[in-house]
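Throughout, a chain's letter reflects where its sequence line sits, starting with A, and its residues are numbered from 1.
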Amino acid sequence: MYHEKKISERLKVFGLFGFIPLLVFFLVMIVPFVIGILMTVTTWTGLTGSLFEFIGFKNFINAFSDPNFGSSLVATFKYVVYTLVLTNVLGFGLALLVTQGRKGQEFFKLSFFTPNLIGGIILGFIWQFIFSRAFVSVGVELGWGIFSVSWLANPETALWTLIIVSVWQSSGYMMLIYIAGLMGIDKSLMEASLLDGASAFKQLVKVKIPLMIPSFTISLFLTLQRSFLVYDTNLSLTDGGPFRSTELIAMHIYQEAFTYQRFGEGQAKALVLFIIVALIAVTQVGIMKKMEVEA
Amino acid sequence: MKSKKIKSLLYYLLSLFLFLAFVFPFIIIIINSFKDNLSVVRNPLALPEVFSFSNYIQAFNAMNFISALKNSLIVTIGSSLLIIVFSSMLAYFLVRWKWKVNRFIFLLLVMSMIIPFQSLMIPFVSIYGRLGLLDSKYVLMFYYLGFGLSLATFIYHGFIKNIPFELEEAAIIDGASRLQVFWKVIFPILKPITSTVLILDVLWIWNDFLLPSLVLVSAEERTIPLSTFSFFGTYTNNYGLAMAGLVLAIIPIIIFFLILQKHIVRGVVEGAIK
């Protein structure tokens with residue numbers, strides 16, 4: 001450990017190692033965060049208006065009385081719950097599948113991961129074509145009712161297209177985290193449970209899953225964050241439609257601010273989003289840390 | 001013996017089914033990227049009758065692909081290097097100098113990781129738009145440094161903590177300065193962590209859309225996701241052409257993955273677990 005005594009030397013060390021990154025961090029994260037809070041309770045928009053004209057919680061009241069905000073939150077929660085469950089179930093399943101020690105599993109593993117490499121904008125456009133053209137053509141050709149109308153045209157199925165694409169995109173990533181967890185399990189524990197006559201399924205439920213709680217903590221945390229904040233896929237796949245039914249919260253905030261120019265109200269909604277995400281993340285990690293068991 | 005064979009057959013059938021579920025969207029857009037609009041509309045699942053690259057040539061020009069590729073490369077490489085240099089130095093500083101304020105700084109960095117970009121973007125655009133600090137890919141790199149600093153510093157911090165201080169003492173006795181100790185002794189040891197940080201940041205910045213869409217306004221500054229977005233918006237109804245544009249947009253990252261697949265898989269896992 002280093003101990004500079006003189007103030008001038010301490011400043012020099014700080015200047016060399018900490019000043020630039022911390023200045024940039026301050027300007028890019030802290031300043032907008034603080035100004036963002038001020039924006040919601042004064043008439044200031046960062047551009048015009050007075051910083052000192054306090055308007056109380058008007059922006060928050062407006063935000064919560066906007067029916068579109070409520071319906072966007074409901075759609076987002078629905079999307080998050082389904083995406084969270086399906087991504088992790090599929091991701092865990094894929095991890096089990098490619099750790100059987102069979103030939104070709106490396107190849108399958110890489111192909112399951114591939115969608116993760118590509119940005120949400122491009123993936124959304126690809127699936128827009130699949131849902132509106134390819135599936136419809138199959139549906140018409142084979143007379144399958146569920147495919148003969150584009151899923152993007154109906155509010156109920158349009159949300160499902162988003163869920164499907166997100167699960168398809170993220171499950172390969174979660175698979176990698178679960179693989180790392182599976183590899184970390186002590187081999188002797190598995191052998192012991194086999195000697196005790198445990199079936200493969202029993203071994204999974206009684207030994208593997210309890211020992212993999214840390215992997216679940218990480219995967220659930222990442223899926224929660226990703227799905228609450230999804231924007232790119234939302235924009236390119238459904239663009240919020242039809243009739244704003246799939247306008248998830250990140251897109252709703254974007255629209256509020258940059259399309260309708262309601263900065264104060266938009267920022268109030270953005271802070272609500274921050275509080276929701278932070279509360280859920282802290283609760284989730286807190287609960288799961290308690291569930292972790294010692295091997 | 002027999003049941004083993006059946007098991008094996010079932011295993012490969014399931015794997016193959018899942019494989020197709022993961023890759024068929026790519027196959028469909030590749031097939032259609034060679035067709036003219038009429039044959040796409042007639043049957044999007046049929047193979048092209050003649051392989052024509054005319055969609056690709058047209059998409060390449062309409063997307064201004066070379067310019068977009070260049071912008072993406074500059075922004076991604078520049079930002080990742082900034083993040084690596086400054087977050088490794090900051091993490092080293094926070095570990096090796098036990099000032100009281102350093103614990104506070106570290107805590108602040110960790111807490112900031114939970115703030116979503118969406119909660120910052122409105123004031124961010126207001127402030128920096130007013131100051132005229134938008135619409136430049138070089139300024140964008142510093143924004144990426146700001147947004148990427150905390151995670152990278154956190155990852156480096158966890159690693160540097162466990163490097164014994166004795167390694168540095170010899171260099172100090174030889175009269176090395178603080179910076180020399182860092183760059184000559186510590187930074188080389190950080191190589192595996194640096195590659196993890198690099199992979200995480202490249203995948204994030206290369207594919208990022210929202211931040212550059214707010215910062216880069218003019219057409220000549222567009223990165224690949226931005227130019228794909230505007231291209232697809234213009235040619236939505238010219239399917240063959242639009243598909244060719246999507247395939248072009250995917251090619252660079254797939255090449256990157258094919259070259260570095262082992263490192264990428266490892267980097268993604270380690271970045272998540274940290």
Side-chain angles (χ1 to χ4, degrees), chain A residues 1-2 13 16-18 20-22 24-25 27-29 31-33 35-36 39 45-47 97 100 102 108 110-115 117-122 125-127 129-130 133-134 137-138 173 176-177 180 218 222 229 231-232 250 253 257 263 266-267 270-271 273-274 277-278 281, chain B residues 11 14-15 18-19 22-23 25 28-29 40 43-45 86-87 89-90 92-93 96-98 105 109 112 114-116 118-120 122-124 126-127 130 142-143 145-147 149-150 165 178-179 203 207 209-210 225 228-229 232 239 243 246 249-250 253-254 257 261 265 268-269 272-273:
Chain A
M1 305 306 118
Y2 296 111
V13 167
L16 282 175
F17 288 98
I20 296 173
L22 290 172
V24 173
F25 173 74
L27 291 175
V28 172
M29 300 235 13
V31 170
F33 187 72
I35 288 184
M39 273 174 85
T45 65
L47 285 166
L97 191 74
Q100 304 281 317
R102 286 182 192 264
F108 289 122
L110 292 177
S111 60
F112 298 150
F113 177 70
T114 312
L117 298 164
I118 299 161
I121 286 289
I122 297 167
F125 284 141
I126 294 176
W127 278 91
F129 181 80
I130 305 287
R133 285 277 144 195
S137 141
V138 172
Y173 185 6
L176 291 184
I177 295 169
I218 297 163
L222 290 173
L229 303 174
Y231 176 77
D232 302 8
I253 291 168
F263 289 106
Q267 185 56 23
L271 282 182
L273 172 66
F274 163 62
V277 170
Chain B
Y11 175 84
L14 182 62
S15 299
L18 287 164
F19 170 74
F22 274 85
V23 299
I28 288 179
I29 64 159
V40 177
N43 186 359
L45 301 178
F86 285 113
S87 57
M89 288 175 78
L90 179 62
Y92 175 72
F93 170 68
R96 287 292 191 249
W97 278 267
K98 296 273 172 228
I105 292 171
L109 286 170
S112 79
I114 205 136
I115 305 175
Q118 282 84 347
S119 306
L120 300 171
I122 300 170
F124 178 84
S126 297
I127 305 163
R130 189 186 200 185
F142 281 90
Y143 297 146
L145 173 60
F147 289 118
L149 185 77
S150 45
F165 188 61
R178 298 281 185 260
L179 268 185
L203 289 180
N207 289 321
F209 177 78
L210 189 49
T228 310
F229 185 71
F232 201 88
Y239 295 109
M243 295 305 114
L246 294 182
I250 291 173
I253 196 81
I254 294 292
F257 182 56
Q261 38 175 291
V265 168
V268 164
V269 173
I273 291 172

Side chain from CB out, backbone as N, CA, C, O: work out which of these in [X] comes under 4.5 Å of a heavy atom of chain B, or both, or neither.
{"X": "A:Ile121", "value": "side chain"}
{"X": "A:Phe274", "value": "both"}
{"X": "A:Ile130", "value": "side chain"}
{"X": "A:Phe33", "value": "both"}
{"X": "A:Phe113", "value": "side chain"}
{"X": "A:Leu222", "value": "side chain"}

Taking every non-hydrogen pair under 4.5 Å, which of [options] racks up the most with chain B?
{"options": "A:Phe17, A:Tyr231, A:Tyr173, A:Tyr2", "result": "A:Tyr2"}
{"options": "A:Ala270, A:Pro21, A:Gly119", "result": "A:Pro21"}
{"options": "A:Ile118, A:Leu271, A:Asp232", "result": "A:Ile118"}
{"options": "A:Thr114, A:Leu16, A:Ile177", "result": "A:Leu16"}
{"options": "A:Leu273, A:Val277, A:Leu176, A:Val31", "result": "A:Leu176"}

Start with the C-alpha distance between B:Phe142 and A:Leu27, add both sets of side-chain angles, then the distance that settles side chain to side chain contact (heavy atoms under 4.5 Å, CB included), and finish with yes or no.
CA-CA 10 Å; B:Phe142 281 90; A:Leu27 291 175; over 6 Å; no
Shortest non-hydrogen separation from [X] to [Y] and the atoms involved:
{"X": "B:Ser150", "Y": "A:Phe25", "answer": "CB-CE1, 4.5 Å"}
{"X": "A:Pro115", "Y": "B:Phe22", "answer": "CG-CD2, 3.9 Å"}
{"X": "A:Trp127", "Y": "B:Pro25", "answer": "CZ2-CG, 3.4 Å"}
{"X": "B:Ser112", "Y": "A:Met29", "answer": "O-CE, 3.7 Å"}
{"X": "A:Ile35", "Y": "B:Pro123", "answer": "CG2-CB, 4.1 Å"}

Of the backbone (N, CA, C, O) and the side chain (C-beta and beyond), which part of [X] lies under 4.5 Å from a heavy atom of chain A, both, or neither?
{"X": "B:Leu109", "value": "both"}
{"X": "B:Leu203", "value": "side chain"}
{"X": "B:Ile29", "value": "side chain"}
{"X": "B:Leu120", "value": "both"}

Out of [options], return the one with the most heavy atom pairs under 4.5 angstrom to chain A.
{"options": "B:Ser87, B:Ala249, B:Pro44", "answer": "B:Pro44"}
{"options": "B:Phe19, B:Trp97, B:Phe86, B:Phe209", "answer": "B:Trp97"}
{"options": "B:Val265, B:Leu145, B:Leu90", "answer": "B:Leu90"}
{"options": "B:Val40, B:Ile115, B:Val23, B:Thr228", "answer": "B:Ile115"}
{"options": "B:Gln261, B:Lys98, B:Met89", "answer": "B:Met89"}
{"options": "B:Tyr143, B:Phe93, B:Phe165, B:Tyr92", "answer": "B:Phe165"}

Contacts of type side chain to side chain contact (heavy atoms under 4.5 Å, CB included), residue A:Leu97, not counting sequence neighbours
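Side chain to side chain contact (heavy atoms under 4.5 Å, CB included) list for A:Leu97, sorted by chain: A:Phe112, B:Tyr11, B:Leu14, B:Ser15, B:Leu18.
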Sorted by chain and residue number, the side chain to side chain contact (heavy atoms under 4.5 Å, CB included) partners of B:Leu45 (sequence neighbours excluded) come out as A:Ala134, A:Ser137, A:Val138, B:Ile28, B:Asn43
So does B:Ser119 get a backbone contact from the side chain of A:Gln267, meaning a donor-acceptor N/O pair under 3.5 Å?
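Judged by distance alone, yes, a pair lies under 3.5 Å.
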Main-chain N/O of A:Leu117 paired to B:Asn207 side chain as donor or acceptor, under 3.5 Å
yes
Distance in Å, B:Phe229 CZ paired with A:Ile122 CD1, rounded so as to fall on 0.5 Å steps
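B:Phe229 CZ to A:Ile122 CD1: 12.0 Å, rounded to 0.5 Å.
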Spacing of CG belonging to A:Leu229 relative to CD1 belonging to A:Ile253, to within rounding of 0.5 Å
9.0 Å
Once the angle between the rings of B:Phe147 and B:Phe124 is folded into 0 to 90°, is it parallel (under 30°), tilted (30 to 60°) or perpendicular (over 60°)?
tilted
